[in-house]
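Worksheet: one structure, shown below.
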Amino acid sequence: MKTIVENPSLYDLLYLDIREDIEMYRGILKESANILEFGAGTGRITIPLAKDGHNICAVDLSKEMLTGLKEKISSDPLLFKNIKPVLANMCSYQSNIKYDAVIIPLTSFNYLLTKEEQLACLKSVRQALSSSGFAIIELLSKKTFLDTNQSSDFTFVKRISVDNNSYYDYYRITKLDFNSRTITQNRLFKYYKNNQYISSEEYLWNNRFVTVEDFTLLANEVGLEIDEVYGNCQLEKYNDESEDVFVKVRGKNNE
């Protein structure tokens, strides 16, 4: 089954209304000149940061998503100058450049389905950070489990407007395998034009849940330590009732 990274325009529509984290990153990265972003996609976070004057190395594994990013920045001299799109795997990415900050937004870290992949990614993060640098990594929260079920029926999530005459109705099924901690989502998008059904597209999401405690152990294993854990985009302290999880890490022994 396809994944939504093969359809960047639909991906952009799906996350168009998510803005809070953009403002959070703009604030927390204000003093970071050079930023490495893993899972940059079509630039939802990348472009606002570049407009603020940051230099961004935008890494993604999807050719389609990076093509979408390149199309957005090609006609803007500032964005073209400040953003470097890179097709690469965040589990094996290496750079001679040391960055002031590394970010992995929108739970992209949870797309890594094994402990080995997660450790490899964190090693890439550690290798890329400057001595005073830090990373912000968003994780799935425990609230995610409230949406899991064993039903095979699609549940309506929301309507996504394309233009004045067309829209998608978005449905999903979410299941959790407790043994592997894998969350599987089938997401169905029904396209309508002038209120007439036109077509359907179905995509697969696979994620692996890690607790904050799990993540702390992973980070420590590769030479990272937890600086802060935030529970929302207002940077309030995380607890088990938090809707979000943003972990801020630094290299061990950094001043």
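Side-chain atoms are counted along with the backbone in the values below, which use heavy atoms only and exclude waters and symmetry mates.
- A chain of hydrophobic side-chain contacts below 4.5 Å, direct or via other Ile, Leu, Val, Met, Phe, Trp or Tyr residues, connects V245 to I104.
- Looking at every heavy atom in both residues, E138 comes nearest to D244 through OE2-OD1, 4.3 Å.
- Side-chain contact, N7 with S9: a donor N or O sits under 3.5 Å from an acceptor N or O.
- The hydrophobic cluster containing L235 also contains I103, counting ILVMFWY residues as joined when their side-chain heavy atoms lie under 4.5 angstrom apart, directly or transitively.
- With hydrophobic clusters built from ILVMFWY side chains whose heavy atoms lie under 4.5 angstrom apart, V247 shares a cluster with Y238.
- With rounding to the nearest 0.5 angstrom, the CD atom of E213 is 11.5 Å from the CG atom of L218.
- Between Y170 and F189, the angle of the ring planes stays under 30°, which puts this pair in the parallel group of the 30/60° scheme.
- L113 belongs to no hydrophobic cluster, as no Ile, Leu, Val, Met, Phe, Trp or Tyr side chain comes under 4.5 Å of its own.
- A continuous path of Ile, Leu, Val, Met, Phe, Trp and Tyr side chains, each step under 4.5 Å between heavy atoms, connects L122 with I226, placing both in one hydrophobic cluster.
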Donor-acceptor pairs are to be reported for all side-chain atoms of residues 82-92 against protein atoms at under 3.5 Å, with residues two or more places apart or in another chain.
unit_1, atom_1, unit_2, atom_2, d
N82, ND2, A50, O, 3.1
N89, OD1, C91, N, 2.8

Test side chain to side chain contact (heavy atoms under 4.5 Å, CB included) on N110 and I183; report intermediate values, then the result.
CA-CA 9 Å; N110 292 98; I183 300 168; over 6 Å; no

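- Residue M24 comes nearest to N232 through the heavy atom pair SD-O, 4.4 Å, listed as atom of the first residue, atom of the second, then distance.
- Here salt bridge (Lys or Arg N to Asp or Glu O under 4.0 Å) pairs that include residues 30-57, with residues two or more places apart or in two chains, are D21-R44, R26-D52.
- Scanning all heavy atoms of the two residues, the minimum distance from Q127 to Y93 falls at OE1-O, 4.3 Å.
- Side-chain atoms of K158 come within 3.5 Å of backbone N or O of L14 as a donor-acceptor pair.
- Sorted by first and then second residue, the ring-ring contact (aromatic ring centres under 6.0 Å, His included) pairs with a member in residues 11-33 read Y11-Y15; sequence neighbours excluded.
- Going from atom CD of Q118 over to atom CG of L139 covers 9.0 Å, rounded to the nearest 0.5 Å.
- In this structure, CZ on R187 lies 4.0 Å from CH2 on W205, to the nearest 0.5 angstrom.
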If you apply the rule side chain to side chain contact (heavy atoms under 4.5 Å, CB included), what do you find for F38 with S108, and how did you get there?
CA-CA 8 Å; F38 286 148; S108 293; over 6 Å; no

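- The one candidate from Y203, Y191, F156, Y192 that meets the ring pair (Phe, Tyr, Trp, His ring centres under 6.0 Å) condition with Y168 is Y191.
- The cationic group of K248 does not satisfy the cation-pi geometry with Y230, failing either the under 6.0 Å distance to the six-membered ring centre or the 45° limit from the ring axis.
- Between the side chains of Q185 and T174, at least one donor N or O sits under 3.5 Å from an acceptor N or O.
- Listed for the R250 side chain is no donor-acceptor partner under 3.5 Å among the backbone atoms of E225.
- Contact between E64 and P8 at its shortest, heavy atoms only, is O-CG, 3.3 Å.
- For the pair D177 (side chain) and T182 (backbone), a donor-acceptor distance under 3.5 Å is absent.
- The two residues L10 and E201 make their nearest non-hydrogen contact at CD2-OE1, 4.2 Å.
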Between N220 and T216, does a side chain to side chain contact (heavy atoms under 4.5 Å, CB included) hold up when you go through it step by step?
CA-CA 6 Å; N220 287 340; T216 301; 3.8 Å; yes

Going through the distances and angles, do I173 and D153 end up as a side chain to side chain contact (heavy atoms under 4.5 Å, CB included)?
CA-CA 7 Å; I173 301 170; D153 298 326; 5.9 Å; no

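- The SG atom of C121 sits 10.0 Å away from atom CG of L119, with the distance rounded to the nearest 0.5 Å.
- Both L49 and F246 are members of a single hydrophobic cluster when ILVMFWY side chains are connected at heavy-atom separations under 4.5 Å.
- N186 places none of its side-chain heavy atoms less than 4.5 Å from the side chain of Y171.
- Taking 4.5 Å as the limit, every side-chain heavy atom of K252 sits out of range of all side-chain heavy atoms of R126.
- Contact between A58 and T46 at its shortest, heavy atoms only, is CB-CG2, 4.0 Å.
- In this structure a side-chain-to-backbone donor-acceptor pair under 3.5 Å is missing from T42 to L69.
- Taken from CG in L129 to CZ in F134, the straight-line distance is 9.0 Å, to the nearest 0.5 Å.
- Remark: side-chain polar atoms of Q196 are not paired, donor with acceptor, to backbone N or O of K193 under 3.5 angstrom.
- Residue pairs meeting the salt bridge (Lys or Arg N to Asp or Glu O under 4.0 Å) criterion with at least one member in residues 67-76, sequence neighbours excluded, are D12-K72.
- No more than 12 heavy atoms of other residues, nucleotides or ligands lie within 6.0 Å of CG in N164, so this atom counts as exposed by the packing criterion.
- Under a 3.5 Å cut-off, the side chain of D60 and the backbone N or O of S62 do form a donor-acceptor pair.
- Pairs passing the salt bridge (Lys or Arg N to Asp or Glu O under 4.0 Å) check and including a residue from residues 114-125, sequence neighbours excluded, do not occur.
- The backbone N or O of N34 lies less than 3.5 Å from a partner atom in the side chain of D100, making a donor-acceptor pair.
- Summarising the local packing, NZ of K98 is surrounded by more than 12 heavy atoms from other residues, nucleotides or ligands at distances under 6.0 Å.
- N207 has its side chain within reach of Y111: a pair of non-hydrogen atoms, C-beta onward, lies under 4.5 Å apart.
- Between atom CG of residue L140 and atom CG of residue L106 there is a gap of 9.5 Å, rounded to the nearest 0.5 Å.
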